[in-house]
Amino acid sequence: MPEGNEIHRFAERHAAALAGKRLHVDSPNGGFPDASLLNGRTLKLVEAYGKHLGYVFGKDLIVHVHLGMYGDFWEGKMPLPPEKGALRLRMWTRTDWVELRGATDCSIFDSEKWAALLARLGADPLREDADPEPAFATIRKRKTAIGLLLMDQRIFAGIGNIFRAELLYRARISPMRPGQEVSLAELRSIWKDACKLMPAAMEDRRIVTTRPKDRPHSRGTVPSETVSDEEVHYVYRRHNKPCLVCGATIKRQEMGGRTVYWCPECQKA
DNA sequence: GTGGGATGGGCAA
DNA sequence: TGCCCCTCCCACA
């Protein structure tokens, strides 16, 4: 049940374990009927873009995986563990295995379908090649609340409900503020913050946003151990609790079918 | 034991 | 805008 940080981490780990090798592939619960097409083929690489994964076996043989709310991977060293639960996809070599359960989508894309998917995704803070300027321009034209725009995968890819709430808190911007009233400087600051927090979350395997902005995460250290479990988020799922900064009661509200959390004092409309 | 909610997104209407 | 997909966890009984 990940945001972009976890998806990119899966891509790195699965590529390290499986890419360049001939794989055994099956689908114990039958939820991926094309598994037999891949069995015995070589996985070339694993791509991550936003919350989407592509396991590339060939130009027109790309396994698209989107985990949605419930999907999750498990991985380990051979031998295979006993079959358990609704096991949609299983890939293994002589040394490593990966299991997929509960995904929203697991299906084969050809190169055209994969390209069309990437074309409709916005700037991904976890990709070196990301250009956020089109996203800034789009947001500056819209009356829609910034809290909705940040979650729109056509604008930014990989940001989910936790990062939405926390990035807006750290920028001291209310989720309800219209996009066109967010300054370019504020948008650049949010992007820069995302480009710092998301790689850190990738490495930590959890999203920690309560580190001060002026104390950047450095690779190779374990900074999350200095933060208690109660303090890893400023506002996400902290409704009815006091703001860690000003003490005001954190609020929550439905926004576009999802729950948004914010501090009514720190974050101004 | 049980019921509600959850890190998502596509689709119909 | 609301429903579906169909899983896991937690608070509460």
Side-chain angles (χ1 to χ4, degrees), chain A residues 1-11 27-33 48-54 63-75 81 83-90 99-109 113-114 116-122 124-126 143-145 147-170 175 193-194 197-210 224 229-230 232-241 250-262:
Chain A
M1 300 143 223
E3 300 196 13
N5 56 298
E6 199 69 14
I7 299 304
H8 282 259
R9 187 167 189 279
F10 282 135
S27 174
N29 82 340
F32 179 49
Y49 205 121
K51 297 168 187 167
H52 298 260
L53 284 161
V63 180
H64 171 252
V65 174
H66 193 290
L67 295 179
M69 292 278 268
Y70 318 126
D72 203 6
F73 285 105
W74 291 86
E75 59 195 70
E83 286 180 26
K84 192 184 155 196
L87 190 42
R88 181 126 177 223
L89 169 66
R90 191 162 59 168
E99 294 178 343
L100 170 67
R101 289 179 181 76
T104 290
D105 188 44
C106 172
S107 62
I108 291 183
F109 279 26
K113 199 171 174 188
W114 178 252
L117 167 67
L118 298 193
R120 69 168 187 265
L121 291 175
D124 179 349
L126 285 167
K143 290 179 183 170
T144 305
L148 286 171
L149 297 172
L150 269 192
M151 291 271 280
D152 186 335
Q153 302 296 302
R154 294 168 298 184
I155 298 177
F156 292 119
I159 293 175
N161 207 16
I162 301 175
F163 278 116
R164 158 176 73 177
E166 297 296 305
L167 288 167
L168 287 173
Y169 179 82
R170 287 163 64 93
D193 206 24
L197 289 179
M198 293 180 77
M202 215 175 135
E203 195 170 338
D204 289 352
R205 307 188 64 181
R206 64 173 182 165
I207 298 171
V208 179
T209 57
T210 42
S224 59
D229 281 343
E230 282 69 43
V232 296
H233 302 139
Y234 282 112
V235 292
Y236 178 73
R237 284 216 219 179
R238 294 198 66 250
H239 53 287
N240 300 329
K241 291 182 179 169
I250 302 299
K251 291 190 169 186
R252 73 169 169 177
Q253 181 182 310
E254 287 296 302
M255 181 181 255
R258 310 294 300 282
T259 308
V260 69
Y261 306 82
W262 81 105

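Letters go in sequence order (proteins before strands), and every chain restarts at 1.
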Note to self: If you only use heavy atoms from C-beta on, which nucleotide in C:dC8, B:dT7, B:dG8 is closest to the side chain of A:Arg101?
What the structure shows: C:dC8
Note to self: Nearest 0.5 angstrom please: A:Leu100 CG to A:Leu67 CG, how far?
What the structure shows: 6.5 Å
Item checked: N or O in side chain of A:Thr259 less than 4.0 angstrom from B:dG5 OP1/OP2 -> no
Check: Any donor-acceptor pair under 3.5 Å linking the side chain of A:Glu166 with the backbone of A:His233?
Finding: no
Between N or O atoms, less than 3.5 Å apart, protein on one side and nucleotides 11-13 of chain B on the other: list the pairs.
none

Check: Who are the side-chain contact (heavy atoms from CB on, under 4.5 Å) partners of A:Glu99, not counting sequence neighbours?
Finding: A:Trp74, A:Pro81, A:Leu87, A:Arg90, A:Trp97, A:Arg101
Notebook entry, point to check: Looking at A:Gly50 and A:Asp124, what are the two nearest heavy atoms and their distance?
Noted result: N-OD2, 2.7 Å
Next item on the list: Side chain of A:Ala86 only, please: which of B:dA6, C:dT7, B:dT7 is the nearest?
Entry: C:dT7
Checklist line | d(CE, A:Met151; C1', B:dG8) in whole Å | finding: 8 Å
Notebook entry, point to check: How far, in whole Å, is C:dC6 from B:dT2 if one measures between their P atoms?
Noted result: 23 Å
Check: If every non-hydrogen atom of A:Ala48 is compared with every non-hydrogen atom of A:Leu53, which pair is closest and at what distance?
Finding: CB-CD2, 4.0 Å
Next item on the list: Find the runs of at least 3 consecutive base pairs, i with j, i+1 with j-1 and so on, that include DNA chain B, using Watson-Crick or G-U wobble geometry with both distances under 3.5 Å.
Entry: B:1-6 with C:7-12, B:8-12 with C:1-5
Check: Within the structure, does a side-chain N or O atom of A:Lys51 lie under 4.0 Å from either OP1 or OP2 of B:dG9?
Finding: yes
Next item on the list: Ignoring backbone atoms, test whether A:Arg154 places a side-chain nitrogen or oxygen under 4.0 Å from the OP1 or OP2 oxygen of B:dG10.
Entry: no
Note to self: Using a 4.0 Å heavy-atom cut-off, does A:Phe73 contact any base of the nucleic acid, only the sugar-phosphate backbone, or nothing at all?
What the structure shows: nothing
Checklist line | Distance, rounded to the nearest Å, where A:Phe163 contributes CZ and B:dT7 contributes C1' | finding: 10 Å
Next item on the list: Would you tell me if any nitrogen or oxygen in the side chain of A:His66 comes within less than 4.0 Å of OP1 or OP2 on B:dG9?
Entry: yes
Notebook entry, point to check: If we take the P atom in both B:dT7 and C:dA11, what is their distance in whole Å?
Noted result: 16 Å
Notebook entry, point to check: Under the side chain to side chain donor-acceptor pair (under 3.5 Å) test, which residues partner A:Arg154, sequence neighbours left out?
Noted result: A:Asp152
Checklist line | Distance in angstrom units between A:Asn240 CG and C:dA11 P, rounded | finding: 15 Å
Next item on the list: Report the distance from atom CG of A:Leu121 to atom C1' of B:dG8, rounded to the nearest whole Å.
Entry: 13 Å
Item checked: Nucleotide C:dC5, atom C1' - distance to CZ of A:Phe32 in whole Å -> 18 Å
Next item on the list: Quick one: label A:Arg120 by what it contacts on the DNA or RNA (base, sugar-phosphate, nothing), any heavy atom closer than 4.0 Å.
Entry: sugar-phosphate
Margin query: I want to check something: taking the side chain as every heavy atom from C-beta on, are A:Asp105 and A:Val65 in contact at a cut-off of under 4.5 Å?
Written below: no
Item checked: A:Arg237 side-chain proximity, nearest of B:dA6, B:dG9, C:dC8 -> B:dA6
Margin query: Using atom P in both nucleotides, what's the gap between B:dA13 and C:dC5 to the nearest angstrom?
Written below: 15 Å
Next item on the list: Report yes if a donor N or O on one partner sits less than 3.5 Å from an acceptor N or O on the other, where the partners are the side chain of A:Thr104 and the base of B:dG8; otherwise report no.
Entry: yes
Item checked: P gap between B:dG5 and C:dA13, integer Å -> 15 Å
Note to self: Let me confirm one number: the CD-CD1 distance from A:Gln153 to A:Ile159, rounded to the nearest 0.5 Å.
What the structure shows: 8.0 Å
Note to self: Does B:dG8 have its OP1 or OP2 closer than 4.0 Å to a side-chain nitrogen or oxygen of A:Arg258?
What the structure shows: yes
Notebook entry, point to check: OP1 or OP2 of B:dG8 sitting under 4.0 Å from any side-chain N/O of A:Tyr70?
Noted result: no
Notebook entry, point to check: What is the distance from CG of A:Asp72 to P of B:dA6, rounded to the nearest Å?
Noted result: 19 Å
Next item on the list: Answer yes or no: is there a donor N or O on one side and an acceptor on the other, between the side chain of A:Thr209 and the main chain of A:Val232, under 3.5 Å?
Entry: yes
Notebook entry, point to check: Quick one: A:Met69 CE to C:dC9 P, roughly how many Å, whole number?
Noted result: 14 Å
Notebook entry, point to check: Between A:Gln153 and B:dG8, does any side-chain N or O lie under 4.0 Å from OP1 or OP2?
Noted result: no
Notebook entry, point to check: What residues form a ring pair (Phe, Tyr, Trp, His ring centres under 6.0 Å) with A:His52, not counting sequence neighbours?
Noted result: A:His64, A:His66
Notebook entry, point to check: Which residue pairs pass the salt bridge (Lys or Arg N to Asp or Glu O under 4.0 Å) test with at least one member in residues 253-262 of chain A, sequence neighbours excluded?
Noted result: none
Item checked: Nucleotide C:dG2, atom P - distance to CE of A:Met255 in whole Å -> 15 Å
